[in-house]
Every structure is written in structure tokens, then in C-alpha cells.
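Only one structure is covered here, and it is reproduced in the block below.
The basis for the numbers below is simple: all heavy atoms, side chains too, and nothing from hydrogens, waters or symmetry mates. Quick caveat: nothing in here was measured; it's all calculated off a predicted structure. The chains referred to below are lettered A, B, ... by the order of the sequence lines, with proteins before strands, and numbering in each begins at 1.
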Amino acid sequence: MINEKESSGKNNFIHQQIEKELQEGKNQGRVHTRFPPEPNGYLHIGHAKSICLNFGTAEKYGGLCNLRFDDTNPEKEDVEYVDSIMEDVHWLGFDWGDRLYYASDYFGKLYEFAVKLIQEGKAYVDDQDAETISSQKGTPTRPGIESPYRSRSIAENLDLFERMKNGEFEEGSRVLRARIDMASPNMHMRDPILYRILKTPHHRTGDQWVIYPMYDFAHGQCDFWEGITHSICTLEFEVHRPLYDWFIDQLTEDNYRPRQIEFARLNLSYTVMSKRKLLELVKNNYVKGWDDPRMPTISGLRRRGYTPESIRNFAERIGVTKVDGMIDVTLLEHSVREHLNKTSHRVMGVLDPLKVVITNFPEGVTEELEAINNPEELEAGTRLVPFSRELYIEREDFMENPPSKFFRLAPGREVRLRYAYFITCNEVVKDASGEITELRCTYDPASKGGNSPDGRKVKATLHWVSAPHAVESEVRLYDRLFTVEDLFVEKERDFKEFLNPDSLVVLPKCYLEPSVKGAPALTHYQFERLGYFNVDPDSTPEKPVFNRTVQLKDTWAKEKNR
RNA sequence: UGUCCUGUGGUGUAAUUGGCAACACGUCUGACUCUGGAUCAGAAGAGUCCAGGUUCGAGCCCUGGCAGGACAACCA
């Protein structure tokens with residue numbers, strides 16, 4: 001959680017600008033933002049940054065934030081995406097109230113506006129095909145040339161545009177263009193296309209329209225009609241701003257103007273953030289779906305075990321600037337650990353079981369030992385954990401020939417079983433191949449509860465599970481999806497070449513303490529000494545499935561690798 | 001050979017608008033601990049892309065460079 005001290009006095013450049021405007025009395029003190037996704041994919045952590053910025057900014061200045069679907073391209077969009085986007089925004093903890101809009105709500109007004117531009121001689125119908133128009137556009141360093149249709153009469157343009165709307169022409173045969181400046185140093189001002197013919201049914205308007213406005217012709221006007229004051233978008237739209245302003249200037253003579261402000265999109269190490277690439281991973285089954293826990297999507301992170309709080313704190317921590325950079329995933333991981341450490345219940349679970357027999361503990365007896373649910377929040381209470389003669393411990397918690405820095409169980413060494421007893425290893429049982437199959441230990445009955453009877457110390461406390469009481473579970477371990485930190489520097493090669501083959505490891509047979517039985521999907525736990533895990537929706541009453549959200553920090557692992 | 005944007009510890013951000021470069025993550029010590037977690041205490045790490053200039057004083061202002069990015073979809 002980010003406290004006041006950390007967040008105060010750290011205004012990003014957008015908030016600084018807003019505060020300046022507020023002092024000047026601009027927009028009558030109104031702050032109104034919008035989050036405008038195109039419903040052509042699932043939201044990802046980069047969108048979360050934008051959501052937190054837009055909704056957070058409105059919240060901070062007592063303003064409003066709309067949710068608006070930028071649905072001007074029926075070929076890529078779908079209601080499935082609309083639904084998931086609304087779910088994800090809500091899950092993150094934001095609400096748009098009754099301000100749910102669609103660019104398609106404005107198709108009628110946009111059409112009228114286009115007609116007005118034609119009447120003013122500021123737009124024309126171009127009969128050329130895409131290739132020809134593109135070739136006349138010039139390059140960033142060379143001016144374009146004017147279309148032969150540029151100076152058609154207003155009456156002819158009006159007639160043609162109406163017939164475009166009425167479906168009289170084929171897709172691609174005509175477009176409506178703004179008449180601005182083919183020699184502009186800004187490519188977007190070289191008679192940009194306003195409308196194109198598309199005969200694909202739209203997910204909301206069906207076949208009512210066969211002409212669709214382009215992004216540039218829709219976005220700013222929607223902002224204007226909704227009373228948006230700050231239209232926050234990502235850096236790549238910077239060069240669109242003159243066009244954005246040009247349309248608004250044609251629309252109104254008011255003082256009120258929505259202002260486009262650009263910030264740097266989020267780049268996370270070891271992952272991809274483009275919807276195109278994410279879609280490719282899903283479509284070609286490199287992952288199991290948009291909500292695969294390895295995906296950087298909101299739904300993937302949710303299933304992985306991230307909490308809304310952790311994502312919002314992350315967004316706050318990374319800040320907002322115009323500098324293109326790369327955020328280390330470990331910062332995201334830190335954010336979940338921080339939140340889950342405070343909130344999740346502790347539980348014991350053994351992922352790679354090694355059987356331990358307590359030779360001096362009676363057979364057929366079960367003891368119930370009290371364990372603390374969350375040492376960070378004692379009000380969470382305690383639970384009883386069964387203990388018996390046969391247990392499982394983590395295989396890596398035992399070494400037959402331990403190096404000096406290894407504090408855990410070894411032959412002749414005494415350690416504590418958490419909340420249970422001190423045990424000493426007396427015998428190592430192996431199979432024919434030499435693999436350790438069982439440890440035979442004795443316990444000190446006087447150390448019940450894990451308290452040293454005579455003040456003697458042990459260097460390690462191990463987690464364990466009683467064998468006859470263990471809940472057999474599947475546990476899925478995740479690692480980064482890609483093997484390289486920055487996919488962008490490898491843009492010459494197909495990004496799929498860098499997929500991490502070990503991004504998912506399934507452990508089919510893990511043993512967990514019985515208290516996890518029946519926990520609903522998405523319940524968070526800390527498996528003591530291992531990490532944070534949560535219940536996967538694939539769980540059945542017979543066989544729970546857990547996802548590892550993130551490991552605990554592990555200084556031994558670091559030591560081991562030296 | 002254009003227009004626009006951006007350069008601050010390893011990473012991400014800050015610097016009261018000209019006043020000893022601060023914070024978080026990470027790293028390294030140490031303390032504490034029934035999680036090698038958490039917590040606590042401390043340390044190292046940049047002189048702000050470069051070169052000039054203005055100024056008592058520049059990360060901030062001016063000039064000139066350099067580097068990186070965006071823009072040539074009937075995508076958003």
C-alpha cells in the first residue's frame with residue numbers, strides 16, 4: 001500500500017498541468033476524463049496503467065471518468081471483448097456510473113458533421129483505391145500530391161457521400177477525405193481519410209451502417225460531445241494532435257476544448273504488450289486463453305493470483321511520464337508480495353514430497369496443533385493442523401551432505417517442524433537407484449508446539465504435512481513467458497522464438513494441509529516458506545488446483561547459486 | 001533527410017519552478033525471527049546525454065550538438 005508520504009508531493013506532469021488549469025479557472029474547475037478501449041481484445045496491465053490514470057485523475061480532482069468503447073472498426077471488434085473489458089475495469093475497483101458510451105453512439109452525429117465539412121468545402125469524396133491514395137501521400141520527408149478528385153463540386157461530394165452511406169458503392173471504391181494540406185510536414189494532415197466503406201456487420205449497429213468513421217474523425221468529437229476536458233492517450237498519438245485539434249476547431253467556436261495529453265505506454269520486461277501479439281498467442285494455443293496465468297492481461301493476472309490493490313499500487317509506483325522505458329517485472333511482483341503478505345492466510349503445503357517417519361511417535365494417533373493464520377494480522381486467528389507419525393517434508397529441505405550454509409535437515413541434525421516438534425534425522429532410506437525414499441526421525445515430545453523445551457536452538461524451521469491427512473492437489477508453477485528482457489530489441493526475429501519453454505510446470509501430486517479443502521476459486525494463500533498461491537477455477541472438490549502467483553524472496557536460493 | 005517528442009544511480013520516478021540531486025524497487029551489510037519470508041537499522045550506487053553561455057548559484061533558463069523514439073493502415 002502506498003502511504004501518504006510516498007504519494008504526496010509526487011505529482012506527475014498531467015496532474016501538475018491540471019492543478020495549474022484549476023488555478024486559472026479553466027473549464028469552470030471541471031475535470032472529466034475517459035478510458036477509451038477498442039473492444040478488439042482483452043485488457044492488459046498496460047491498460048491498467050491507463051485506467052488508473054484516467055479514473056484516478058478524475059477521483060483526485062473531484063471529476064468524472066467515462067468508459068467509452070472506441071468501436072469504429074467492425075472487422076476487429078466483438079461483444080466478448082466489451083464484456084471482458086467492463087468486468088476487468090470493475091474488478092480493478094473503478095466505476096463509470098451511468099457514463100457508458102460507445103463511439104458507435106455517435107455515428108449519426110459524426111455523419112452530420114462530415115456533411116457539414118463537405119458543405120464548407122473542407123471534405124471531398126475520393127474515388128481512388130487505397131494503393132493510389134497511399135502513393136500520393138508522399139513520405140515523412142517528401143510532400144504528397146493532391147488527388148485529382150480534390151476539387152470536386154460540393155454538390156457532387158454531397159451526392160456521392162450520401163450514396164456511400166446508402167451502400168451504392170463497393171468496399172474500397174471510395175472514401176471521404178478532409179481537405180487540409182498535402183504538403184504538411186505532418187503526415188496526418190495530408191488529407192486524412194474520414195470515412196471508409198465497410199460491409200461487415202457491426203457488433204452494435206448491425207448492418208445499419210456501411211460507412212465507418214476513422215479513429216481520428218471520431219475520437220476528438222466524442223471527447224467534445226461528452227464534455228471531456230483531458231483526453232489522455234499514449235505517446236504514439238502525439239503526431240495526431242494537430243488533426244485532433246483541427247476537427248474540434250471545425251466543430252465549435254466555444255472556448256471549451258478537450259485537450260489531448262500523451263504519456264508513455266507501459267513496457268514490462270520479459271513480456272509482450274501488443275494486442276496483436278497477445279491475440280496470436282491465444283489463437284495459436286501458445287497459451288491456454290486470454291486468462292492464462294502467464295498472460296499480462298488483467299484476467300490472466302487475476303487468475304494468477306494478483307489482487308486489484310497490488311495492480312493499482314504498481315500503477316501508482318511506476319508513475320506517469322513521456323519517457324519511453326521498460327519496467328522490471330520484479331516491481332510488479334514486489335507489489336503483489338507486499339499486498340498478499342499483509343492479507344493472505346498461511347497454510348502448509350509440500351510441493352515435492354519426501355516421506356518422514358517419526359519412529360518414536362505412536363501409530364494411529366493424530367494430534368491437533370495450533371497454527372497462526374496470518375502473523376501480519378493476528379485477528380485472522382488460528383487453526384488446527386493435524387500431526388501424525390508419517391509426514392511429508394519438502395525434498396529440498398533435506399541434504400545428505402549439506403554445505404556449510406545449508407541450515408535445514410541433514411543426518412544427525414535437529415530442526416523444527418513449524419508449530420509442531422523438534423525432530424532429528426537418524427536414518428536415510430534409499431531405493432535401488434540410490435534415490436532417497438524416506439527419512440526416519442525421532443521427535444522430542446517436550447517441544448510440542450515448536451517451542452524449545454530447554455532453550456536450545458535450531459537453525460531451521462520446516463513446513464510439513466501429515467501424510468494421512470494431506471489433500472492431494474495439482475500445483476501449477478509459472479515463470480516468465482519470454483526468455484529475453486526486451487522483445488523490442490529483437491524485433492528482427494519472430495517474438496515467438498523467445499517463448500520460455502518452462503513458463504509452465506505442472507506438479508500433479510502435491511500435498512496440502514486439510515484446511516484448504518473446499519476453498520473457492522481465487523482464494524489466496526501463502527504456502528509457508530514457498531510463496532503465494534491461489535485456487536484455480538479448474539479445481540474440483542476431489543482435486544484442487546493451485547497457481548503459484550509469485551515465490552517468496554529466497555535468500556537461500558541466491559546463496560545456492562553462488 | 002522533414003515534423004513532433006524524449007534524455008536524471010542498475011530500473012522506475014522526484015526535486016518547493018534557479019538554492020547541498022530525494023524516494024521506491026533492486027543490490028550489499030547487520031539486528032531480530034517458530035517462514036533463509038516479514039520487520040528494523042545501515043551502506044554502496046548518479047553529479048542530471050555532450051559542449052558552450054547567462055547567473056553569486058543551472059537538472060531546471062539560452063545557444064549549438066549528440067542519441068533514442070513516433071509519424072508514410074481505407075487499424076486504434
Side-chain angles (χ1 to χ4, degrees), chain A residues 2 5-6 9-12 16 36-38 40 70-73 75-77 103 126 129-131 133-135 137-144 171-177 184-190 193-198 211-212 214-216 218-219 233-242 262 264 269 275-276 317-328 330-335 337-338 341-342 346 348 371-372 375-376 405-408 416-420 422 449-452 458-463 526-531 551-559:
Chain A
I2 304 239
K5 197 173 24 168
E6 198 172 335
K10 286 188 77 175
N11 267 348
N12 63 52
Q16 287 176 10
E38 183 189 13
N40 66 343
D70 227 324
D71 55 350
T72 56
N73 183 0
E75 292 179 342
K76 290 186 176 172
E77 297 154 6
D126 195 327
D129 61 24
E131 204 182 324
I133 289 175
S134 166
S135 71
K137 203 136 197 190
T139 71
T141 54
R142 211 177 46 240
E171 267 189 34
S173 63
R174 270 171 240 259
V175 289
L176 183 72
R177 292 228 256 168
S184 169
N186 183 333
M187 297 291 292
H188 297 276
M189 300 301 274
R190 321 240 264 228
I193 291 168
L194 270 29
Y195 270 93
R196 77 287 212 186
I197 299 168
L198 250 29
I211 58 170
Y212 290 90
M214 299 290 287
Y215 164 85
D216 285 307
H219 204 100
C233 63
T234 46
L235 247 27
E236 65 270 27
F237 292 103
E238 225 154 18
V239 283
H240 293 240
R241 194 176 347 128
E262 309 86 9
S269 60
K275 275 197 215 172
R276 199 207 92 225
R317 235 186 285 260
I318 60 177
V320 178
T321 63
K322 302 188 74 150
V323 186
D324 249 318
M326 170 78 68
I327 309 270
D328 200 316
T330 58
L331 189 59
L332 217 210
E333 294 176 344
H334 170 262
S335 297
R337 281 201 197 93
E338 181 185 52
N341 175 51
K342 294 260 166 32
R346 272 60 170 173
M348 290 194 286
I372 294 166
E376 301 287 323
K405 293 273 178 63
F406 185 83
F407 303 148
R408 285 110 96 145
R416 172 169 37 231
L417 294 181
R418 187 140 162 99
Y419 299 123
F422 283 19
N451 300 304
S452 58
V458 288
K459 288 188 93 170
T461 299
L462 309 186
H463 60 277
Q526 184 197 96
F527 290 5
E528 295 224 27
R529 302 209 303 133
L530 296 177
Q551 285 174 279
L552 249 33
K553 276 202 211 158
D554 188 350
T555 53
W556 162 242
K558 210 181 286 174
E559 183 66 41

Does the side chain to side chain contact (heavy atoms under 4.5 Å, CB included) test come out yes or no for A:F422 and A:V458, once each step is laid out? CA-CA 8 Å; A:F422 283 19; A:V458 288; 3.8 Å; yes
Do A:K76 and A:E38 pass the salt bridge (charged side-chain N to carboxylate O under 4.0 Å, His left out) test, and can you show the C-alpha distance, the side-chain angles, and the key distance before you say yes or no? CA-CA 9 Å; A:K76 290 186 176 172; A:E38 183 189 13; 5.8 Å; no
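Straight-line distance between the C1' atoms of B:rG47 and B:rA21: roughly 8 Å, to the nearest whole Å. Annotation: B:rG59 and B:rU16 have their C1' atoms spaced 15 Å apart (nearest Å). The C1' atoms of B:rC28 and B:rA67 are separated by 33 Å, rounded to the nearest whole Å. Taking atom P on both nucleotides, B:rG42 is separated from B:rU48 by 28 Å, rounded to a whole Å. One C1' atom belongs to B:rU17, the other to B:rG26, and the distance between them is 31 Å to the nearest Å. Between B:rU11 and B:rG30, the distance separating the two C1' atoms is 26 Å to the nearest Å. Here, B:rC4 and B:rG65 have their P atoms 14 Å apart, quoted to the whole Å. Atom C1' of B:rA76 sits at a distance of 15 Å from the matching atom of B:rA70, rounded to the whole Å.
Across all strands, A:P143 comes closer than 4.0 Å to no nucleic acid atom at all (heavy-atom distances). Residue-level contact check: A:V323 touches the backbone only, with heavy atoms under 4.0 Å from sugar-phosphate atoms and none from bases. A:F527 comes within 4.0 angstrom of no nucleic acid atom, judged by non-hydrogen atoms across all strands. Within the nucleic acid shown, A:Y419 comes within 4.0 Å of at least one base atom, counting heavy atoms only. Counting any heavy atom pair closer than 4.0 Å across all strands shown, A:Y195 reaches no nucleic acid atom. A:R190 comes within 4.0 angstrom of no nucleic acid atom, judged by non-hydrogen atoms across all strands. At a threshold of 4.0 angstrom between heavy atoms, the contacts of A:E38 are confined to the sugar-phosphate backbone, with no base atom among them. Counting non-hydrogen atoms under 4.0 angstrom, A:D216 reaches nothing in the nucleic acid. Residue-level contact check: A:G172 touches the bases, meaning some heavy atom is under 4.0 Å from a base atom. Among the atoms of the strands shown, none is found under 4.0 Å from any heavy atom of A:N186. Residue contacts for A:D129: at a heavy-atom cut-off of 4.0 Å it reaches a base atom on one of the strands shown. Among the heavy atoms of the strands, none lies under 4.0 Å from A:S452. Counting any heavy atom pair closer than 4.0 Å across all strands shown, A:S184 reaches no nucleic acid atom.
Side-chain contact between A:D324 and A:L235: present, with at least one pair of heavy atoms (C-beta onward) separated by less than 4.5 Å.
The aromatic rings of A:H188 and A:H240 sit tilted, their planes meeting at an angle between 30° and 60°.
At most 12 heavy atoms of other shown residues, nucleotides or ligands fall within 6.0 angstrom of atom CD in A:E131.
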In dot-bracket notation, what is the pairing pattern of RNA chain B, taking Watson-Crick (N1-N3 plus N6-O4 or O6-N4) and G-U wobble (N1-O2 and O6-N3) contacts under 3.5 Å, with [ ] crossing and | for other strands? .((((((..((((.....[..)))).(((((.......))))).....(((((..]....))))))))))).....
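Rounded to a whole Å, the CD atom of A:E262 is 14 Å from the C1' atom of B:rG69. If you measure from atom CG of A:L530 to atom C1' of B:rA38, you get 16 Å, rounded to the nearest angstrom. The separation between A:L331 atom CG and B:rU13 atom P is 10 Å, rounded to whole Å. Rounded to a whole Å, the NZ atom of A:K342 is 16 Å from the P atom of B:rG37. Rounded to whole angstrom, the span from the CZ atom of A:R241 across to the C1' atom of B:rA76 amounts to 18 Å. Across the protein-nucleic acid pair, A:E528 atom CD and B:rA38 atom C1' stand 11 Å apart, rounded to whole Å. In this entry the distance linking CD of A:E75 with C1' of B:rC75 reads 9 Å, nearest Å. Rounded to whole angstrom, the span from the CG atom of A:L235 across to the C1' atom of B:rU6 amounts to 8 Å.
Listed pair A:R529 / B:rG36 meets the phosphate criterion, a side-chain N or O lying under 4.0 Å from OP1 or OP2. The shortest distance between the side-chain N/O atoms of A:K558 and the OP1/OP2 oxygens of B:rU27 is below 4.0 Å. For A:Q551 and B:rU35, the shortest distance from a side-chain N or O to OP1 or OP2 is not below 4.0 Å. Phosphate contact (OP1/OP2 of B:rG26, side-chain N/O of A:K553, threshold under 4.0 Å): present. Contact check, A:S134 against B:rA73: a side-chain N or O comes under 4.0 Å of OP1 or OP2. Close to B:rA76, at under 4.0 Å from its OP1 or OP2, lies a side-chain N or O of A:T72. Put simply, A:R196 has a side-chain N or O that comes within less than 4.0 Å of OP1 or OP2 on B:rA76. Within the structure, every side-chain polar atom (N or O) of A:T330 is placed at least 4.0 Å from both OP1 and OP2 of B:rC25.
Side-chain N or O atoms of A:R418 include none that pairs as donor or acceptor with a backbone N or O of A:M348 at under 3.5 Å. Remark: the backbone N or O of A:E236 is not paired with any side-chain donor or acceptor of A:T234 at under 3.5 angstrom. No donor-acceptor pair closer than 3.5 Å links the side chain of A:D70 to the backbone N or O of A:Y215.
Atoms OG1 and CZ, on A:T72 and A:R196 in that order, are 5.5 Å from each other to the nearest 0.5 Å. The CG atom of A:D328 lies 12.5 Å from the CD1 atom of A:I318; values are rounded to the nearest 0.5 Å. How far OG1 of A:T461 is from CG of A:L417: 9.0 Å, rounded to the nearest 0.5 Å.
Nucleotides of RNA chain B nearest to A:F407 and A:T321 differ in position, and the one nearer the 5' end is that of A:T321. The residue among A:N40 and A:H334 whose nearest nucleotide of RNA chain B is located toward the 5' end is A:H334.
Between the side chain of A:Q526 and the base of B:rU35, a donor-acceptor pair under 3.5 Å is found. On a pure distance criterion of 3.5 Å, a polar donor-acceptor pair joins the side chain of A:H240 and the base of B:rA76. Side-chain atoms of A:R142 stay outside donor-acceptor range of the base of B:rU1, with no qualifying N/O pair under 3.5 Å. On a pure distance criterion of 3.5 Å, no polar donor-acceptor pair joins the side chain of A:E238 and the base of B:rG69. Between the base of B:rG36 and the side chain of A:R408 there is a donor-acceptor pair shorter than 3.5 Å.
Base orientation for B:rG47: syn, the chi torsion being within 90° of 0. The glycosidic torsion of B:rU54 lies more than 90° away from 0, placing the base in the anti range.
Checked for salt-bridge contact, A:E338 and A:R317 meet the test: a charged N lies under 4.0 Å from a carboxylate O.
Residue A:P375 places its side chain closer to B:rG37 than to any other of B:rG2, B:rC75, B:rG37. The A:M187 side chain lies nearest to B:rA72 when the options are B:rG2, B:rA72, B:rG36.
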